[in-house]
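Lettering follows sequence order; numbering is per chain, from 1. Below, all heavy atoms of this structure are taken into account, side chains as well, without hydrogens, waters or symmetry copies.
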Amino acid sequence: MSERNISITLKVWRQKDADSAGAFETYRMESVSTSSSFLEMLDLLNEQLIEEDKDPIAFDHDCREGICGMCSLVINGIPHGKNKLQTTCQLHMRSFRDGDTITIEPYRSKPFPVTRDLVVDRTPMDTIMQAGGYVTQRIGAAQDANALPISKELADKAMDAAACIGCGACVAVCPNASAMLFTSAKVSQLNMLPQGKPEKDRRALRMVGAMDAAGFGNCTNIGECEAACPKGISLDFIARMNRDYAVASVKQFLGMVGSV
Amino acid sequence: MALSGLVLVGFVCGHMLGNLQMFLHSDWINEYAYKLQHLPYGLLWVVRTVMLIAVVAHVITAVMLVLENHRARPEKYVARDTLQASFASRTMRYTGFILFFFIIFHLMHFTIQNVHPEFKDLEVRLEGVSGSHGSLESRTIWGVYDKLSAHGEFPESEALAVHDVYSMVAIGFSPTYWYVSVFYIISMGLLCYHLMHGISSMFQSLGLRNAIWRVRLDRIALVISLVVFVGFASIPVACLTGLIEPITPLVAVH
């Protein structure tokens with residue numbers, strides 16, 4: 001696609017800090033290159049704001065190549081924008097038309113409070129990981145991995161789950177602000193593999209427990225998370241986690257799982 | 001939600017099969033109704049209690065779900081958009097809400113019968129075979145005719161008189177009360193949507209599906225929903241169009 005320049009209007013959520021009330025500010029940007037990424041466009045806007053002696057817009061970003069999970073932003077109602085399998089940093093201005101008005105909001109959910117402008121605190125996802133997103137026992141050095149045969153199908157599936165970059169788009173897009181897709185990817189990635197199996201039950205119970213305690217909503221199987229996920233994490237992992245959790249709950253009821 | 005839904009879906013399917021006997025000789029549904037009303041060991045009330053518990057559990061979990069999910073996103077998005085969410089999945093709470101009132105009306109209509117108290121007086125004598133209408137030339141599978149006729153003077157026996165459910169339904173959905181039929185048909189359309197998402201969702205929540213079964217279960221859910229819609233809606237349609245007509249006239253009461 002040939003490079004062009006477009007003019008756009010941005011409606012951006014501005015909020016001084018977690019305790020202040022926020023509001024939308026409208027900015028006009030002339031001749032933005034369609035080859036610039038969405039974040040580069042925001043960088044340009046910030047330079048413009050700094051020149052005007054105004055506060056630049058705070059937004060999260062890091063690797064800018066779609067693997068770190070740091071960038072967020074809800075663009076026209078969809079986290080990471082409407083393109084499939086893309087993070088915000090991979091979204092380019094060629095996806096917009098001349099004259100477009102683009103609304104940029106922070107992720108909205110109770111567990112992710114806005115700390116400033118478009119930046120939200122995603123600590124609850126770390127809390128979920130700390131509850132069981134690891135393998136406790138020694139699993140040996142690199143060569144020991146080869147000593148444990150794992151089927152291709154299983155390895156592929158575990159890898160698909162492990163593709164989650166923990167960006168939180170699933171929570172942001174979910175009409176219920178549920179973190180089931182994230183949690184299920186993290187639970188499944190370990191529960192499927194022999195190294196993670198011994199702690200399967202307690203992992204499911206603990207991570208789901210941490211997720212519920214953080215105040216995320218409940219899954220109603222609408223599937224928006226899967227569609228918005230920049231890594232294409234499948235809804236099937238949620239079914240798998242539901243199964244692991246149900247089995248673990250029954251085992252716990254029967255006294256077969258120690259205190260978690 | 002999923003477990004109570006499973007019970008309710010099971011009931012809905014059975015209920016629909018029972019109802020479809022309206023398209024057979026009137027003895028079929030009348031004997032069926034008699035059989036249900038005279039189940040041994042108070043089984044009727046056992047089933048009714050189970051259904052009540054399932055409905056109450058379904059409603060309570062639904063309300064909790066809505067409240068908790070509302071709490072999880074106190075501040076809504078200004079720009080709203082969806083990627084793939086189906087109409088059915090987004091309207092579960094609304095279809096469910098309307099269906100709740102449908103169930104109450106439906107019970108008042110045909111079970112408690114306080115919408116039309118004169119329904120209680122509808123009686124008909126079982127004929128034992130299909131005579132005037134219906135194509136089936138054999139007895140029904142319910143055996144009520146044989147049981148009742150054994151007690152009295154066959155075939156004139158008073159004992160053969162049973163509640164005329166066939167006429168009750170035919171009158172309830174007759175063109176005189178066309179708005180009732182319309183309400184039923186619309187409600188069944190909503191039920192169809194509710195099940196379309198509900199049935200596939202049920203398997204997801206219980207963890208009983210994977211990548212391959214997801215597609216299959218979604219299709220099964222679609223088929224069941226459509227069959228349930230057509231099965232249920234066909235009866236008011238048949239009554240409205242005169243395909244099914246009451247065999248006992250309604251006596252205006254007291």
Side-chain angles (χ1 to χ4, degrees), chain A residues 11 13 22 24 74-79 82 84 101-114 157 160 171-180 184 212 214-229 234-247, chain B residues 1-3 5-6 58 60-96 193-218 221:
Chain A
K11 264 179 74 180
W13 183 261
F24 280 99
V74 175
I75 301 157
N76 289 336
I78 303 291
K82 218 165 178 176
K84 273 191 181 150
T101 299
I102 305 167
T103 307
I104 311 174
E105 296 169 82
Y107 284 180
R108 296 288 190 201
S109 74
K110 181 92 196 239
F112 294 166
V114 175
K157 238 180 231 165
D160 287 345
V171 177
V173 80
C174 176
N176 311 324
S178 167
M180 289 283 274
S184 70
D212 287 341
F216 290 104
N218 306 296
C219 181
T220 54
N221 310 324
I222 291 175
E224 287 291 275
C225 50
E226 181 188 62
C229 178
S234 163
L235 212 53
D236 300 326
F237 289 120
I238 297 184
R240 181 179 283 272
M241 179 173 73
N242 284 338
R243 185 162 66 236
D244 287 355
Y245 184 76
V247 169
Chain B
M1 199 91 242
L3 290 174
L6 182 66
H58 206 62
I60 289 176
T61 45
V63 169
M64 273 168 53
L65 210 55
V66 170
L67 289 179
E68 282 183 20
N69 291 345
H70 185 77
R71 238 176 277 143
R73 176 162 297 138
E75 201 154 355
K76 311 283 177 222
Y77 290 112
V78 171
R80 292 200 198 175
D81 202 356
T82 50
L83 290 165
Q84 53 75 53
S86 65
F87 176 77
S89 72
R90 282 182 286 129
T91 52
M92 288 302 273
R93 61 188 68 170
Y94 309 113
T95 49
Y193 271 116
H194 200 78
L195 293 185
M196 229 184 260
H197 178 71
I199 294 176
S200 79
S201 188
M202 183 166 85
F203 290 98
Q204 171 81 1
S205 294
L206 295 175
L208 299 175
R209 67 180 194 179
N210 56 26
I212 294 166
W213 274 94
R214 181 173 166 186
V215 183
R216 292 178 188 163
L217 287 168
D218 281 352

How close do A/G215 and B/A72 get, heavy atom to heavy atom, and via which atoms?
O-CB, 3.6 Å
Whether the side chain of A/Y245 engages the backbone of B/G207 through a donor-acceptor N/O pair (distance < 3.5 Å, no angle test) should be reported.
no
Work out which heavy atom in A/I222 is nearest to a heavy atom in B/A85; give both atom names and the distance.
CG2-CB, 3.3 Å
Let me know if A/V247 has heavy atoms under 4.5 Å from chain B in its side chain, its backbone, both or neither.
neither
When you look at A/N221 and B/S200, which way does the side-chain hydrogen bond (donor to acceptor under 3.5 Å, both in side chains) test go after all the steps?
CA-CA 9 Å; A/N221 310 324; B/S200 79; over 6 Å; no
CD on A/E105 to CZ on B/R80, rounded to 0.5 Å
9.5 Å
For the pair B/Q204 and A/C219, evaluate side-chain contact (heavy atoms from CB on, under 4.5 Å) and give the outcome as yes or no after the intermediate values.
CA-CA 10 Å; B/Q204 171 81 1; A/C219 181; 5.6 Å; no
Do A/E224 side-chain atoms and B/T82 backbone N/O form a donor-acceptor pair below 3.5 Å?
no
Checking side-chain contact (heavy atoms from CB on, under 4.5 Å) for the pair A/N176/B/R73: CA distance, chi angles, key distance, verdict?
CA-CA 7 Å; A/N176 311 324; B/R73 176 162 297 138; over 6 Å; no
Are any side-chain N or O atoms of B/Q84 and backbone N or O atoms of A/G223, one a donor and one an acceptor, separated by less than 3.5 Å?
yes
Pick one of side chain, backbone, both or neither for B/R209, based on which atoms fall under 4.5 Å of a heavy atom in chain A.
both
Does any backbone or side-chain atom of A/I75 lie under 4.5 Å from a heavy atom of chain B? Answer side chain, backbone, both or neither.
neither
Per-residue contact mode, A/A228 against chain B (heavy atom under 4.5 angstrom)
both
Which bit of A/K84 comes within less than 4.5 Å of chain B, counting heavy atoms only: side chain, backbone, both or neither?
neither
Select one option (side chain, backbone, both, neither) describing which atoms of A/T220 are under 4.5 Å from chain B's heavy atoms.
both
Chain A: which of B/M64, B/M1, B/R214, B/R71 shares the most heavy-atom pairs with it under 4.5 Å?
B/R214
Heavy-atom pairs under 4.5 Å with chain B, option from A/K110, A/R240, A/M241, A/M180 with the top count
A/K110
With a 4.5 angstrom heavy-atom cut-off, could you sort out which part of A/A214 is near chain B: side chain, backbone, both or neither?
neither
Under 3.5 Å, is there a donor-acceptor pair between the side chain of B/Y77 and the main chain of A/R108?
yes
Within a strict 4.5 Å, meaning less than it, do heavy atoms of the A/I78 and B/L83 side chains meet?
yes
Heavy-atom count check: over 12 atoms from other residues, nucleotides or ligands less than 6.0 Å from B/L67 CG?
yes
Ranking A/A246, A/C174, A/S234 by heavy-atom pairs under 4.5 Å to chain B gives rank one to A/C174
Options A/A239, A/G77, A/G217, ranked by heavy-atom pairs under 4.5 Å with chain B, top entry:
A/A239
Is chain A contacted by the side chain of B/V78, its backbone, both, or neither, given a heavy-atom distance below 4.5 Å?
both
Taking B/N69 for the side chain and A/N218 for the main chain, is one N or O donor matched with an acceptor at less than 3.5 Å?
yes
Go through the atoms of A/F24 and report whether side chain, backbone, both or neither lie under 4.5 Å from a heavy atom of chain B.
side chain
Is it the side chain or the backbone of B/H197 that comes within 4.5 Å of chain A heavy atoms, both, or neither?
side chain
